[in-house]
Q: 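Handing you this structure, nothing more for now.
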2 protein chains.
Amino acid sequence: MLLSKSCMYGLRASVQLAGKKDNTYVTIRELSEDLDISFFFLTKVLQRLTQAEILESYKGPNGGVRLLKHPGEVTFLDVVTAIDGACTLNECALGLPGCGVMKPCPLHDKWSIMKENIMNMMQNITIAELANRGNDNLDLDGLIHYIIR
Amino acid sequence: MLLSKSCMYGLRASVQLAGKKDNTYVTIRELSEDLDISFFFLTKVLQRLTQAEILESYKGPNGGVRLLKHPGEVTFLDVVTAIDGACTLNECALGLPGCGVMKPCPLHDKWSIMKENIMNMMQNITIAELANRGNDNLDLDGLIHYIIR
DNA sequence: ATGTTTAAAGACATAATACTCTTAATTACA
DNA sequence: TGTAATTAAGAGTATTATGTCTTTAAACAT
Ligand code: SF4
Ligand code: SF4
C-alpha cells in the first residue's frame, strides 16, 4: 500500500470538501459520517491539514473546516505531504534504503521513471479535478463517496 | 513504502544467494552478517521463503539455506508474494479500498497502467539478473551489498 | 455571565509490524 | 553415544500505526 490510511482519509475529506458548491464550514462530524470514517480519527487527520494551511477551521456553532485555497490549487501531493510528511518516494522506489545511482541495479532506471510518473501524477492532479469528474452524475456526494471510498 | 521490511530482507538475501557461484548451503548467520540484518529476524523471514519452496534448508553442521530453483527462475515477485502475501496492488494503486472501474476517478487509467508496469517489472526480473549486474566489478559481494542494501 | 457548539490538544487503547530470545528438532561427527 | 552446529517453531518485547476518548479553548447565542 502506497499511502497510509491517515493519508487516504485526508484525501477523501479534501475531495469531499472540494466537491461542495459553496466553500462554507463543514463540521468534521458531518464529514466523518459522509465518508464513514471515525470522527475522532478524522479530527486528528484534519488537524494536520489545518496546520499545513490546506484547511481552515472555525470553532463554535456553524464552525467546522473548509478549504483555505481554491480546490484547483491544491494538489493530491499537497495533501499527501501534509499528512505523511515529505515524499516517501525519495529513495529507492522499492523502499530499499541506502541505494544510490552509482551502481544501480537493473530495476533502477525503470523505477526512477515510474517514481517520476507517480510524483508527476500526484503533483499535477488537483482535488478539484478529483471531485469534479462526477459532473455527469447528479448524485455527486454519493458518487464521490463511492469513488474515493 | 511499497514493500515491508521483511520483504526487503528476503529480497536482499535471495539476491545475495543468487550471486554465489556455487549453490551450497550458506548459514543464516553468515547472510545476516553480510547483509547487516538481525540474525533472528532474518531467520524468520527466510523460513517463509523455505516454506514457499524458494529456499531449501538443511540443519546441522555445514547446513544453512540455499536456492531451491535456479536463480534465473525466481522472480522478484515470487519473493515478494512469498513474504508479503498475494499482490498488494490488487485494488486501487493508491490503496483506496472499495473502488471499482465503473466510475473511475481521473487517476484511474494512469494508475492502472502504472500498476501493470510495476507488476510486470516484478514479474519479469529474476534474482539472477539482480545479482549479476555486478559482473564488471570484481567485488561482487560488496557490490551486491551496496546495491541491495 | 452562562451554556452550547464546535475544533484543538493530548491522553489512552488496540492492532500491526518489527525485532529478540528460548526451546525443540535435525544432522554431522568424534 | 554424546556434543556441537544448525534451522524450525514459538514465545516474548518494542515500536509504530491506527483508533478512541477526555479535557481544553474558542466562538456564538441567549
Ligand atoms: S539500484 Fe535498484 S535497489 Fe538501488 S535504489 Fe535503484 S532500484 Fe532501488
Ligand atoms: S477510480 Fe481512482 S480512487 Fe478508485 S480505484 Fe481507480 S484510481 Fe483508485
Side-chain angles (χ1 to χ4, degrees), chain A residues 1-14 16-17 24-68 80 82-85 88 95-97, chain B residues 1-14 17 24-68 80 82-85 88 95-97 149:
Chain A
M1 203 147 56
L2 205 53
L3 304 176
S4 71
K5 282 202 168 190
S6 299
C7 205
M8 292 187 258
Y9 294 165
L11 279 166
R12 285 169 55 196
S14 302
Q16 178 83 348
L17 289 173
T24 56
Y25 288 109
V26 178
T27 66
I28 300 178
R29 175 69 64 185
E30 187 184 328
L31 280 174
S32 76
E33 282 164 4
D34 288 348
L35 300 172
D36 198 25
I37 300 172
S38 147
F39 165 71
F40 295 119
F41 196 46
L42 187 58
T43 295
K44 284 298 181 196
V45 172
L46 297 192
Q47 276 173 20
R48 305 207 60 171
L49 293 184
T50 304
Q51 286 158 5
E53 299 190 328
I54 287 173
L55 298 184
E56 176 175 34
S57 71
Y58 200 81
K59 293 174 184 172
N62 296 104
V65 294
R66 69 179 179 192
L67 291 168
L68 183 56
V80 171
I83 295 171
D84 274 357
T88 52
L96 305 178
Chain B
M1 201 147 58
L2 205 55
L3 304 175
S4 70
K5 282 202 167 189
S6 299
C7 205
M8 291 188 259
Y9 293 165
L11 279 166
R12 286 169 55 196
S14 301
L17 289 172
T24 55
Y25 288 108
V26 178
T27 67
I28 300 178
R29 175 69 64 184
E30 188 183 328
L31 279 174
S32 75
E33 282 164 5
D34 287 349
L35 300 172
D36 196 25
I37 300 173
S38 145
F39 165 72
F40 294 120
F41 195 45
L42 187 58
T43 295
K44 283 298 180 196
V45 172
L46 297 192
Q47 276 172 21
R48 304 208 61 172
L49 293 183
T50 304
Q51 286 158 4
E53 298 190 332
I54 287 172
L55 298 184
E56 176 175 36
S57 70
Y58 201 81
K59 293 173 184 173
N62 297 103
V65 293
R66 69 180 180 192
L67 291 167
L68 183 56
V80 171
I83 295 171
D84 273 357
T88 51
L96 304 178
R149 185 172 176 236

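Proteins come first, then strands; the chains are lettered A, B, ... in the order of their sequence lines, and each starts at number 1. Note that the structure is a prediction, hence the values are computed from the model and not measured.
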Q: Give me the bend of the helix from C/dA1-D/dT30 to C/dA30-D/dT1, using the axes of the five pairs at each end, rounded to 10°.
A: 20°
Q: Distance check needed: D/dT16 P versus A/Asp84 CG, whole Å only.
A: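 Atom-to-atom, A/Asp84 to D/dT16, this comes out as 15 Å.
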Q: Work out which heavy atom in B/Ser57 is nearest to a heavy atom in B/Val65; give both atom names and the distance.
A: CB-CG1, 4.0 Å
Q: Could you check if a side-chain atom of A/Thr24 sits within less than 4.5 angstrom of a side-chain atom of A/Asn62, using non-hydrogen atoms only?
A: no
Q: OP1 or OP2 of C/dT20 versus the side-chain N and O atoms of B/Ser38: is any pair under 4.0 Å?
A: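 True: B/Ser38 side-chain N/O within range (under 4.0 Å) of C/dT20 OP1/OP2.
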Q: Quick check on C/dA18: is either OP1 or OP2 less than 4.0 Å from any side-chain nitrogen or oxygen of B/Ser6?
A: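 Result: yes.
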Q: Quick one: are A/Leu11 and A/Ile83 in side-chain contact, heavy atoms under 4.5 Å?
A: no
Q: Rounded to the nearest 0.5 Å, what separates atom OG1 in B/Thr27 from atom CG in B/Asp34?
A: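 Here the rounded value is 8.5 Å.
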Q: Going by heavy atoms in the side chains, are B/Arg29 and B/Glu33 under 4.5 Å from each other?
A: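 The answer is yes; the side chains approach within 4.5 Å.
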Q: May I have the distance from B/Lys5 (atom NZ) to D/dT16 (atom P), rounded to whole angstrom?
A: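 After rounding, the gap between these two atoms is 9 Å.
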Q: Return the value, rounded to whole Å, for the distance between atom CD1 of B/Ile54 and atom P of D/dT7.
A: 18 Å
Q: Could you state the atom-to-atom distance from CD of B/Glu56 to P of D/dT6 in whole Å?
A: 17 Å
Q: To the nearest 0.5 Å, how far apart are CG in A/Leu55 and CG in A/Leu67?
A: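 With rounding to 0.5 Å, CG (A/Leu55) is 6.0 Å from CG (A/Leu67).
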Q: Restricting to pairs with a member in residues 29-56 of chain A, which pass ring pair (Phe, Tyr, Trp, His ring centres under 6.0 Å), not counting sequence neighbours?
A: A/Tyr9-A/Phe41
Q: Figure out the CG/P separation between B/Leu42 and D/dA8, and round it to whole Å.
A: 11 Å
Q: Would you mind reading off the distance between B/Phe41 atom CZ and D/dG12 atom P, rounded to a whole angstrom?
A: 19 Å
Q: Could you give all pairs that pass the salt bridge (Lys or Arg N to Asp or Glu O under 4.0 Å) test and reach residues 40-63 of chain B, with sequence neighbours left out?
A: B/Glu56-B/Arg66
Q: Return no unless some side-chain N or O of A/Tyr25 is found under 4.0 Å from OP1 or OP2 of D/dA27.
A: no
Q: Sugar-phosphate means primed atoms, P, OP1 and OP2; the rest is base. With that split, encode nucleotides 5-16 of chain C 5' to 3' as B, S or - using protein heavy atoms under 4.0 Å.
A: BBBBBB------
Q: What is the distance, rounded to the nearest whole Å, between atom CE of B/Met8 and atom C1' of C/dC19?
A: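 Answer to the nearest Å: 14 Å.
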Q: In Å and rounded to the nearest 0.5 Å, what is the CD1 to CG distance from B/Ile37 to B/Leu42?
A: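 That separation rounds to 5.0 Å.
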Q: Rounded to whole Å, please give me the gap between CD1 in B/Ile83 and P in C/dC19.
A: 13 Å
